[in-house]
Amino acid sequence: MVSHRLSKHKSSECSTRVATNSTTTIELREAVQDAEMEEDSSRNGFSCIRRSNCALKIPADAPTRTEAYKAYMSSHPTAKLIGINGGWYDISKFIPHHPGGSVIAQFVGKDATPVFKGLHTKDVLKHMRPVATYRLSEDDPAAEAFAELHQFFIKQGFFQTSAVWYAGKMAFAASLLALTLFLVVGCSSWYWHCLASCSLALFWQQCGFFMHDFMHSQGFHERKIDNWIGLACGTLGVGVNSFWWQEEHYVHHALTNTVDYENGFFDPQMKEESWAQNKKLFPFFTMKLQHKLIKIQHWTFLPACIILGRTAIIITAFKSERRPIVWLALILHIIWVSVLLCQLPTWTQVFVTYSLASMLEGILHVQLLVSHYCKPFYERKEVCEETNWYRMQVECNINIKNPVWMDWFHGGLNFHIEHHLFPLMPRHRFREASKHIKAVCARLGIEYDECYWTTALVRTLQQLKNAAVVFSLDPR
């Protein structure tokens, strides 16, 4: 089983040599001094992330985090406290109304400062007062280093979104759809229709990337606006339930590769019913059929993702959906795809073209998984306790090496470490941000895992094979 602790070691095929002179501690500390002020949006960009959240004034004689927690809970036993920036906040009544879902409850009793900063665009605490304060202290130097880097990125405008860049990307996606229409309507040969399958699959892929960006509020940094755009790109464009995906994805970011046996919890985007890539997932499997499938999972992984991936995610995402607007978007998606493909001369060509496009779009599902599957898993009790959240995000992600001109194909997923450390950063800033993150990792002795896509795929298949060999059903 992959260890959940990373130590200093020699660079391997998939790890890069990192330079330590890109970002110095002095530069970061100087940037932090000014980073608390609200930033203006760039001239050609959408409104940027705002960090006007001023730090709490913590008394010099303040108790430790544990002492403050126990003292308050002794007189308020039903309270549900979450720690942020040295303050304990009672979220008992807020949990059902949390826009990010119930994942917030997973951090009760923990200092969730890095998670909070990573997933929130505004000072959402301005209307809340802490019920207790505690002395800030971190044993892991990664906590301070990445917090300083976060402030440096804010100061330097890394969270500002370029409207021009997104306009260009959307124009590219529109050209793919226009090409598909031309190949379907204007061409009669079957091989042109096969090419239409390719362009349609690429259009779906690019729409999927847009859904990912906007459901993360990387666009306008305004949840309502970004969610509407995400719905249009994801559900109307691709046919995927964007709100279902967002709800699961927030949990995935907050508790990446994490399990909790006591509460039956697992990272919802890292567990499937037909394979188990890590020993820590084994207790969630109890059926004999699952045992048989997992024993051959290294053979079925790619066919399942490519052949069944699109159909499976659509069915899973909509089987419990109750929101009319989401169903309307799906119906409109079915209509426009049907009208497009019905221009083909025969029903056989309709079936072949759609099936081929669906399988090619399945490559996206492989892209989503190879960055995590061969990395360590954690137990929830470790997160934000024994294991620092920032360090965990570096440890459980792989970056994909590729030339700049291929970034469009990966949609930012090739910089998975950057994305998981700073989920609100727009993807067009990842390549530049990676230089600073590599420098911090080098200084701390943390492996910055990076390899080519084919190597990541081989590592994933090897991890699945290794897990299959030792897999056994939960005896319970």
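L444 has its side chain within reach of P141: a pair of non-hydrogen atoms, C-beta onward, lies under 4.5 Å apart. No side-chain heavy atom of I400 sits less than 4.5 Å from a side-chain heavy atom of L413. Taking 4.5 Å as the limit, some side-chain heavy atom of F209 sits within range of a side-chain heavy atom of R427. In this structure, the side chains of Q218 and Y166 come closer than 4.5 Å at one or more pairs of heavy atoms. C305 places a side-chain heavy atom less than 4.5 Å from the side chain of V366. The side-chain heavy atoms of V238 and Q205, taken from C-beta on, include no pair separated by under 4.5 Å. Contact annotation: the side chain of V383 approaches that of M392 to within less than 4.5 Å [non-hydrogen atoms, C-beta and beyond]. Under the 4.5 Å side-chain criterion, counting only non-hydrogen atoms from C-beta, W453 is in contact with V370.
When ring centroids are compared, Y373 and F301 come within the 6.0 Å threshold. Ring pair F116/F107: centre-to-centre distance not below 6.0 Å. Not less than 6.0 angstrom separates the ring centroid of H221 from the ring centroid of H216. A distance of 6.0 Å or more separates the ring centres of Y134 and Y69.
Rounding to the nearest 0.5 Å places CE of M170 at 9.5 Å from CH2 of W165. L177 CG to F203 CZ: the interatomic distance, rounded to the nearest 0.5 Å, is 4.5 Å. In this structure, the separation between NE2 on H249 and NE2 on H252 is 5.5 Å, given to the nearest 0.5 Å. Atom CG of N397 and atom CG of D449 lie 9.5 Å apart (nearest 0.5 Å). Rounding to the nearest 0.5 Å gives a distance of 6.0 Å between CG of N278 and CD of Q463. If you take CG on L364 and NE2 on H212, they are separated by 10.0 Å, rounding to the nearest 0.5 Å.
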Apply side chain to side chain contact (heavy atoms under 4.5 Å, CB included) to residues Y390 and H150 and explain how you reach the verdict.
CA-CA 11 Å; Y390 286 120; H150 192 178; 4.0 Å; yes
Please test I437 against C441 for side chain to side chain contact (heavy atoms under 4.5 Å, CB included), starting from the C-alpha separation and ending with a verdict.
CA-CA 6 Å; I437 294 172; C441 288; 4.2 Å; yes
Step by step, work out the side chain to side chain donor-acceptor pair (under 3.5 Å) result for Y452 and N402.
CA-CA 7 Å; Y452 292 107; N402 63 269; over 6 Å; no
Begin with the C-alpha distance, continue with both residues' side-chain angles, and end with the deciding distance and a verdict on side chain to side chain contact (heavy atoms under 4.5 Å, CB included) for H416 and I398.
CA-CA 6 Å; H416 233 65; I398 297 177; over 6 Å; no
For a salt bridge (Lys or Arg N to Asp or Glu O under 4.0 Å) check, start with the C-alpha distance between R380 and E385, then their side-chain angles and the critical distance, and finish with the verdict.
CA-CA 9 Å; R380 189 183 69 88; E385 296 291 346; over 6 Å; no
Verify ring pair (Phe, Tyr, Trp, His ring centres under 6.0 Å) between F430 and F422, making sure each step is shown before the conclusion.
CA-CA 10 Å; F430 285 166; F422 308 108; 9.3 Å; no
Go through Q393 and T256 one step at a time and tell me if the side chain to side chain contact (heavy atoms under 4.5 Å, CB included) criterion holds.
CA-CA 7 Å; Q393 296 308 314; T256 312; 3.3 Å; yes
Side chain to side chain donor-acceptor pair (under 3.5 Å) evaluation trace for E379 with Y261:
CA-CA 8 Å; E379 292 190 38; Y261 303 124; 5.1 Å; no
Determine, step by step, whether R391 and D140 satisfy the salt bridge (Lys or Arg N to Asp or Glu O under 4.0 Å) criterion, reporting the C-alpha distance in whole Å, the side-chain angles of both residues, the deciding distance to 0.1 Å, and the verdict.
CA-CA 9 Å; R391 181 182 291 271; D140 192 336; 2.7 Å; yes
Verdict with reasoning, N414 to Q367, per side chain to side chain donor-acceptor pair (under 3.5 Å)
CA-CA 9 Å; N414 48 327; Q367 288 178 295; over 6 Å; no
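Note that K271 lies in the cation-pi zone of F285, set by a 6.0 Å cut-off to the ring centre and a 45° limit from the axis.
Salt bridge status for K280 with E382: present, with a side-chain N to carboxylate O gap under 4.0 Å.
Contact detail for A467 and F282: the closest heavy-atom pair is O-CZ, 3.5 Å. When all heavy atoms are compared, the tightest approach of R223 to S217 is CA-OG, 3.8 Å. Residues L119 and P423 come closest through the heavy atom pair CD2-CG, 3.7 Å. Summarising the geometry of L421 relative to W389, their closest heavy-atom pair is O-CZ3, 4.1 Å, with the distance given to 0.1 Å. Nearest heavy-atom pair, M425 versus F158, reported as atom, atom and distance to 0.1 Å: CG-O, 3.4 Å. Closest approach of K295 and A468 over heavy atoms only: NZ-O, 2.8 Å.
R135 meets the salt bridge (charged side-chain N to carboxylate O under 4.0 Å, His left out) test with no other residue; sequence neighbours excluded. When the salt bridge (charged side-chain N to carboxylate O under 4.0 Å, His left out) test is applied to E361, the partners found at least two apart in sequence or on another chain are R310. Among residues two or more places apart in sequence or in another chain, the salt bridge (charged side-chain N to carboxylate O under 4.0 Å, His left out) test is passed with K465 by none. Under the rule for a salt bridge (charged side-chain N to carboxylate O under 4.0 Å, His left out), D267 has no partner lying at least two apart in sequence or in another chain.
Side-chain N or O atoms of Q290 include one that pairs as donor or acceptor with a backbone N or O of M287 at under 3.5 Å. A donor-acceptor pair is defined here as one N or O able to donate and one able to accept, closer than 3.5 Å; no such pair exists between the side chain of N263 and the backbone of F265. Remark: side-chain polar atoms of W88 are paired, donor with acceptor, to backbone N or O of R65 under 3.5 angstrom.
Within the structure, the salt bridge (Lys or Arg N to Asp or Glu O under 4.0 Å) test picks out the following pairs touching residues 235-256 (sequence neighbours left out): E247-R323. Listed by first and then second residue, the salt bridge (Lys or Arg N to Asp or Glu O under 4.0 Å) pairs involving residues 402-411 are D407-R431 (not counting sequence neighbours).
No side-chain donor-acceptor contact under 3.5 Å links Q277 and Q297.
Each of F159, F153, F152 was checked for a side-chain contact (heavy atoms from CB on, under 4.5 Å) with Q156, and the lone residue meeting it is F152.
The neighbour count for W228 CH2, taken as heavy atoms of other residues, nucleotides or ligands under 6.0 Å away, does not exceed 12.
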